**Student:** 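Can you read through this structure? Questions will come right after.
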Amino acid sequence: MIEVTIAVALIATILVSVLAMARILTKTIAVVGAMRLDSEMLRQGIVLALEDADFWHSAANPDPPWSMRVNSEQNVDFDGNVSSGPVDDAANKRPFRRVVFSRSADPDTSFAGKVPNPNAMLIHDQRSWYRGHLQGNTRTFKDGGGYFSNMRSPDNTRYQDQWTGVPPTWSPLQVYGDYALTSHTEMGAAADPDRSFVSEAVNERMSGPGGYRPNLALNLYRTLGPNGIFNYVPMSTIMVMQRHDRTRDLRPGTSSGQIGYAPDALTDGITTHAAQEKMYDLGEVPWALDGELPIGSGTWDWPYDWGHPNRTKGVAHASPRFHLNQVKNATCYADLLFAVSPINNLYFIASDTDAYCLPGSMKDPWLVPAGLGYIQRNTQDRIFFPVMRPYKILGSQDSVFRIDSSYGRKSGCDYLTQARYGTFQSNQGGGGGLYGDMLFWQYMPLASAETRLLPLSLTGEERHVASAPAGGQVASLTESALRLVWQGKSISFFRVTVTRLDGRKLTVSIIPTCSDLRGARQHWGMPDVRPAADMGDVYR
Amino acid sequence: MRSIREKARSGRRGSALLMVTGLVAILAVMAAVFILRTREDAQAAQPLLREAQARIMLDAACMYLLETSRIGWGAPGHGWVDNRNGSVGPRPPRLANGSIPEPTWWRAGAYPADDSEAIPPSNPPGVPWDEYGYTQSDPAGGNDAARIKYWPHPGGVCRSDMTRWVQPPYACTAHYTLSPFKVTADWTSNTGASLSSSTASSTSKIDSVKLMLSNALRQGPMFLDPQPVADRRGDLLAPSAGDDFVSGKRVTTGVAIRSPLSPLPVYAPGSAGRSWFRIYRELPSEHDGQNIPVGGVVESTFDTVAVSDAHPTAVGKYLRSSECVFIITCGGGATQGFRSWAEVTAEGSGQLFGNDPSLFYQMRSQERILWFRVCWSGSPGGSYLSIQDVHDQDSSTPSLLNQSPANTNWNASRGGVNKHAFGTFSWIQRLAAEPPRW
């Protein structure tokens, strides 16, 4: 009997042990299976994120789950019509809209129906060199933000050090910048020197080789927005795109002069060919001047107000007129002036209506007339790729990614979609590198495009609802893409997140070297990639 | 004859044995499943690892292109497209008579003359005529296996196996030391007094340190000095050892360095067979934006971007050469960057794969290969940031300094940060399919 009892107890113990072991093993298998699923999803997510990094699916692909046709189409108003607003209408700017470039690298074309070839003026092309007197200021502003100086107060101690070496009226164009590398005398003059600018009003094109850069900039601006321009101009380009505020008079002597740029000052003292003033070696970079260089001269004899370069200085005044649009008198002021001069830094002065897509502000509003916003690109600012928020943005609220409260609230935006351009200035939150401040991390999600990859949403409806698994019933895989330009570099930041059934999340972050916006646009413009899509870059 | 008790005891022994056996079998099966799944997971992760290895190669290849646009060809070069006259580069500096020497690496016929175009009478004497003309020719004559002999000629290919050296030549550590700098009038007695004062506030001392740093950066070029790994400098012709600064670590020590791979370097264990890259320099017709064969060169479907400047009338001739478009092939695997077995044999490297083409292609089948197309530009890019800004932004911290190239010739009025002396890339495009030449 005792043996039976012991045997039963032993058997029971063994059975319980076996069951417990089986239960533990089952659980273990389940956990291992779940971990394998997590790993598998993470692996797939990383691969998809890397594909996204190269082909920019989350910014361009019209198909689910990306569903980003909105980035290649013009905006549709509430009335169902394509918006016919001015070129600075933020809603008409899409980063993947089709741009038809001229196949010819010759700038002396009519550009009929095309945009000048952006590859024609690479920096090694002598035609793209600039030898004018708009070379960058070798004495940078003390203020790291690169603010415009107040030309009316050259004795302002804040900028005094910098004012000793540059003609006052030119200073805003000489913020930062090394010597110019740009613009060749062979660019030649525009056909009509008195009207060598690009007007937004009639969408005209500047004729002659001198129209190369203005035409390129204008067309890129009106289709892709400022973000597009950043990616197409040669590096080291300083681009002054100045939009005339219709309410102001920019003629010399008026208060608007404080904008700091008087085109009249550019109409004389020019060199049209190297043979006229061979003060530089045609073939060398940097140029070799054997005359007196105005920069740094202690005996500067320019008149204070809108003077002209002194020809006796022996300086190669090579044709800013060919690269900066200029006008003779007020009647020639069109609505929009595009002046692109490759120096080193970029400023963007936009009208009030551009405020929707041009966040950022002047730190000190007294430096520029009210109503002008601008994009400032200095060494530390981050310029984000625009993120579309379809069907989410109505009215002005949340229509612009703003950090600087001094920018002010703008009037309502009634478009169904709204590009969210953004800059993040280094002086916000202390700077300290790309990821070095809390504000950057705080606002980063606003500039990130999130896509739920699994489970697949065929409608794309839940594209931007990536925070939770669908219905809480299945695990989900989401990807977040943040693209920005910082210190002249294109940076892509991807985050892959697996949300498990229990709500816990696994996240992997990647910053790969990958295709830039131009590479992606060239990909989507290829006829065998997406024949029916009217998007990307085409050369004809 | 066994008793009933013995039989029963024997039965119990059998039951226990069965149960133990069963348990062991279960454990064995579970262990096998675990091991199998672990193995499967490891195997499943391999493609991702190869993807990562291949992607790293994009960085490596871009860096290689940037550096070799200026250096590595004897005298300093002026870019893949010469920034003086738009000719095919890199080419050496001008001679005393003002002419630009032909590139030393050119080996496919005569190098195109600089003044290949008719010089117009209006061109001033002494001013170089810059209408460079380049008539395209495929140096390999359509033989892809021979392209590797013609790098960096347009139409040529370079191959880079990325097995890591234990210590490459001129290796530097990530540690920097401060170079001595000149104390100038900016250094005031108050600065030193503040630092040495026992009564000065900490704020005052911090300000003094900032002033010192600012002065150092203004007045002291070579402020931060990278340190070599090796203790001895060495000499190319007569290296004192095989692990000095000049030679790097070599298998044979004390022998003159005849080439980067002779004597053979000491490779890091485990770094072989992981990744490689190849670069193909496109001919101008391959980036003229037209899918039309020129001179027998088969065009690719991605020739949709017009970069080259075609002559208006002469077919195959290009002005202001634009030979700055490259196909970068990034490989994660063990084929060491050979494209085909024909290329392996043409290079006499069959022994690397046991003279077995099937082994080579088996390795190829397990690789991850990515193709990118990049456009190099001679623009230095970057941004201008004077040290003045660093100081005045109150950001003169190691974090900011570390982002900047060390040993830059900094001063207050001239200098650059994040400028690339080797050029930049105008665009980088991933190719969705294998290009015809790589």
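This structure is a prediction, so every number in the text was calculated from the model and none was measured. Below, chains carry the letters A, B, ... as their sequence lines are ordered, and counting in each starts from 1.
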**Student:** Quick one: pull up SG in A:Cys514 and CZ in A:Phe55 and give me the separation to the nearest 0.5 Å.
**Tutor:**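 If I round to the nearest 0.5 Å, the distance is 11.0 Å.
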**Student:** Counting only non-hydrogen atoms closer than 4.5 Å, does B:Ala52 touch chain A with its backbone (N, CA, C, O), its side chain (CB onward), both, or neither?
**Tutor:**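 Neither part.
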**Student:** If you count heavy-atom pairs under 4.5 Å between each of A:Ile14, A:Ile510, A:Asp537, A:Val538 and chain B, which one has the most?
**Tutor:**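 Counting heavy-atom pairs under 4.5 Å, the top option is A:Ile14.
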**Student:** In terms of heavy-atom proximity below 4.5 Å to chain A, should B:Phe372 be classed as side chain, backbone, both, or neither?
**Tutor:**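 The answer is the side chain of B:Phe372.
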**Student:** Considering only heavy atoms and a distance below 4.5 Å, find which of A:Met21, A:Glu51, A:Glu40 pairs most often with chain B.
**Tutor:**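 Of the candidates given, the most pairs with chain B belong to A:Glu51.
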**Student:** Select one option (side chain, backbone, both, neither) describing which atoms of A:Met35 are under 4.5 Å from chain B's heavy atoms.
**Tutor:**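 Interface part for A:Met35: neither.
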**Student:** Between the main-chain N or O of B:Arg430 and the side-chain N or O of A:Ser515, is there a donor-acceptor pair closer than 3.5 Å?
**Tutor:**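 Side chain of A:Ser515 to backbone of B:Arg430: a pair is present.
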**Student:** In terms of heavy-atom pairs under 4.5 Å with chain A, which of B:His287, B:Gln429, B:Gln290 leads?
**Tutor:**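 Most heavy-atom pairs under 4.5 Å with chain A: B:Gln429.
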**Student:** If only atom types and distance count, is the side chain of B:Asp82 paired as donor or acceptor with the main-chain N or O of B:Pro90 below 3.5 Å?
**Tutor:**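 Side chain of B:Asp82 to backbone of B:Pro90: no pair is present.
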**Student:** I need the A:Leu50 CG to B:Arg55 CZ distance, nearest 0.5 Å.
**Tutor:**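 Spacing of CG (A:Leu50) from CZ (B:Arg55) equals 4.5 Å.
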**Student:** State, without any angle test, whether A:Tyr539 and A:Asn119 hold a side-chain donor-acceptor pair at a distance under 3.5 Å.
**Tutor:**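 The criterion, which ignores hydrogens and geometry beyond distance, is satisfied for A:Asn119 and A:Tyr539.
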**Student:** Looking at chain A, which one of B:Leu370, B:Ile56, B:Val305 has the largest number of heavy-atom pairs inside 4.5 Å, strictly under?
**Tutor:**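 Greatest number of close heavy-atom pairs with chain A: B:Val305.
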**Student:** With a 4.5 angstrom heavy-atom cut-off, is it the side chain or the backbone of A:Leu10 that approaches chain B, or both, or neither?
**Tutor:**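 Nothing of A:Leu10, per the 4.5 Å heavy-atom cut-off to chain B.
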**Student:** Side chain, backbone, both or neither: which part of A:Asp528 has an atom under 4.5 Å from a heavy atom of chain B?
**Tutor:**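 Side chain of A:Asp528 only, per the 4.5 Å heavy-atom cut-off to chain B.
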**Student:** If you count heavy-atom pairs under 4.5 Å with chain A, which of B:Cys62, B:Pro47, B:Ala44 comes out on top?
**Tutor:**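 Maximum pair count with chain A is reached by B:Ala44.
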**Student:** Nearest 0.5 Å, what's the CG-CG distance between A:Leu42 and A:Leu37?
**Tutor:**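 Reported value, rounded in 0.5 Å steps: 9.5 Å.
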